[in-house]
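Quantities reported herein were computed from a predicted structural model and do not represent experimental measurements.
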Amino acid sequence: MMDRIDTKLLHLLQREGPKPAAELGEIVGLSPSACHRRIRALEAAGIITGYAARLDPEAIGLGLDVFVDISLTSQSEEALTAFESAVKSFDEILECQLLSGASDYRLRVAARNVADFDRLHRHCLSRLPGVASMHSAFALRTIKAFEGYPVSAAQIGDPAR
């Protein structure tokens, strides 16, 4: 069962990335060894699934985020599997969610600019299997970027929350 210290650790790790156990322990009030044990327990429980650096897309030349809603010609298991497999083969597709509602999928695509998105549209998106329609929306400005999930001790272990 998680407690307030675990939730503080998760909050810090999501927003600031991995830090030495001594530094994290000082912030949350634990010794370095106790902090290290807590983090390993959270990893072993599958709550922490990995670590990654967050990059500034502008700094690496990918300043255009595009959201593409896709409807397929069929929702058969074979059509969904073929589409999902193809999506995974394109690095420019950052995310893909299966949706309920008007569209079947929403993709988040990274591009350098509109001309680069045109290239991606022609050579990547248009080649995805089973696509009936696509609707694209360009992100004009990010108001709030994803920095991690809200975590509280009460939420962990209670699927109803």
Side-chain angles (χ1 to χ4, degrees), residues 1-70 77 80-101 103-114 116-117 119-121 123-125 128 136-161:
M1 193 66 166
M2 283 190 29
D3 61 15
R4 287 183 329 160
I5 292 174
D6 291 332
T7 60
K8 284 181 186 178
L9 284 170
L10 292 173
H11 178 82
L12 287 166
L13 289 169
Q14 284 190 100
R15 283 161 179 76
E16 299 178 24
K19 292 181 179 279
E23 187 177 335
L24 289 169
E26 188 174 316
I27 294 169
V28 301
L30 292 175
S31 70
S33 60
C35 184
H36 183 73
R37 280 193 302 275
R38 292 264 189 145
I39 292 169
R40 293 295 167 250
L42 291 167
E43 291 169 349
I47 294 169
I48 297 175
T49 60
Y51 299 92
R54 278 189 287 235
L55 307 180
D56 179 346
E58 294 279 346
I60 60 170
L62 294 172
L64 185 64
D65 262 349
V66 185
F67 298 93
V68 183
D69 286 355
I70 294 183
E77 185 174 347
L80 298 175
T81 300
F83 179 84
E84 292 169 9
S85 179
V87 161
K88 292 175 185 176
S89 69
F90 292 103
D91 290 339
E92 296 89 351
I93 299 175
L94 304 178
E95 296 179 56
C96 175
Q97 286 89 25
L98 177 63
L99 304 175
S100 63
S103 299
D104 295 313
Y105 291 94
R106 176 163 296 147
L107 307 180
R108 181 173 161 232
V109 178
R112 292 188 298 276
N113 51 38
V114 174
D116 187 42
F117 178 70
R119 177 192 62 79
L120 290 171
H121 189 277
H123 299 288
C124 168
L125 300 177
L128 294 171
S136 302
F138 296 92
L140 300 176
R141 180 168 44 106
T142 299
I143 308 306
K144 181 179 180 183
F146 179 76
E147 292 186 349
Y149 293 99
V151 181
S152 74
Q155 291 172 313
I156 305 304
D158 183 359
R161 291 188 68 94

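- With rounding to the nearest 0.5 angstrom, the CG atom of L9 is 12.5 Å from the NZ atom of K19.
- Just one residue in the list V151, V28, L24, I27 forms a side chain to side chain contact (heavy atoms under 4.5 Å, CB included) with K8, and that residue is V28.
- For the pair L120/V109, a side-chain contact is recorded, criterion being any heavy-atom separation below 4.5 Å from C-beta on.
- In this structure R38 satisfies the salt bridge (charged side-chain N to carboxylate O under 4.0 Å, His left out) test together with D3, D6, sequence neighbours excluded.
- The stretch residues 41-57 participates, sequence neighbours left out, in these salt bridge (Lys or Arg N to Asp or Glu O under 4.0 Å) pairs: R40-E43.
- Nearest heavy atom pair, residue R112 against residue G61, reads CG-O, 3.0 Å.
- What you find for G25 and C35 is that their closest heavy atoms are N-SG, 3.6 Å.
- Within the model, atoms CG of L94 and CZ of R108 stand 5.0 Å from one another, a figure rounded to the nearest 0.5 Å.
- Of all heavy-atom pairs spanning F117 and A111, the tightest one is N-CB, 3.8 Å.
- For E26, there are no salt bridge (charged side-chain N to carboxylate O under 4.0 Å, His left out) partners, not counting sequence neighbours.
- If you take CG on L42 and OG1 on T49, they are separated by 11.5 Å, rounding to the nearest 0.5 Å.
- The nearest pair of heavy atoms linking A110 to D65 is CA-OD1, 4.5 Å.
- Legend: residues meeting side chain to side chain donor-acceptor pair (under 3.5 Å) with S33, ordered by chain and number and at least two apart, are S31.
- Atoms OG and CG, on S103 and L98 in that order, are 11.0 Å from each other to the nearest 0.5 Å.
- In Y149, the OH atom is not crowded: 12 or fewer heavy atoms of neighbouring residues, nucleotides or ligands sit closer than 6.0 Å.
- Looking at residues two or more places apart in sequence or on another chain, you find a side chain to side chain contact (heavy atoms under 4.5 Å, CB included) between A86 and L128, P129.
- The CZ atom of F90 sits 8.0 Å away from the CG atom of L125 when rounded to the nearest 0.5 Å.
- Dense packing is recorded around CD of Q97, with more than 12 heavy atoms of other residues, nucleotides or ligands lying under 6.0 Å away.
- To the nearest 0.5 Å, atom CZ of residue F67 and atom CD of residue E95 are 7.5 Å apart.
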L64 vs D116, side chain to side chain contact (heavy atoms under 4.5 Å, CB included): CA-CA, chis, key distance, verdict
CA-CA 9 Å; L64 185 64; D116 187 42; over 6 Å; no
I would like to know whether F83 and D104 meet side chain to side chain contact (heavy atoms under 4.5 Å, CB included); could you show each step before the answer?
CA-CA 11 Å; F83 179 84; D104 295 313; over 6 Å; no
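- Pairs of residues two or more places apart, or lying in two chains, that qualify as side chain to side chain donor-acceptor pair (under 3.5 Å) and include a residue from residues 82-92 are E84-Y105.
- Of all heavy-atom pairs spanning P32 and A21, the tightest one is O-CB, 3.5 Å.
- Between I47 and M2, the shortest heavy-atom distance links the atoms CD1-SD, 3.7 Å.
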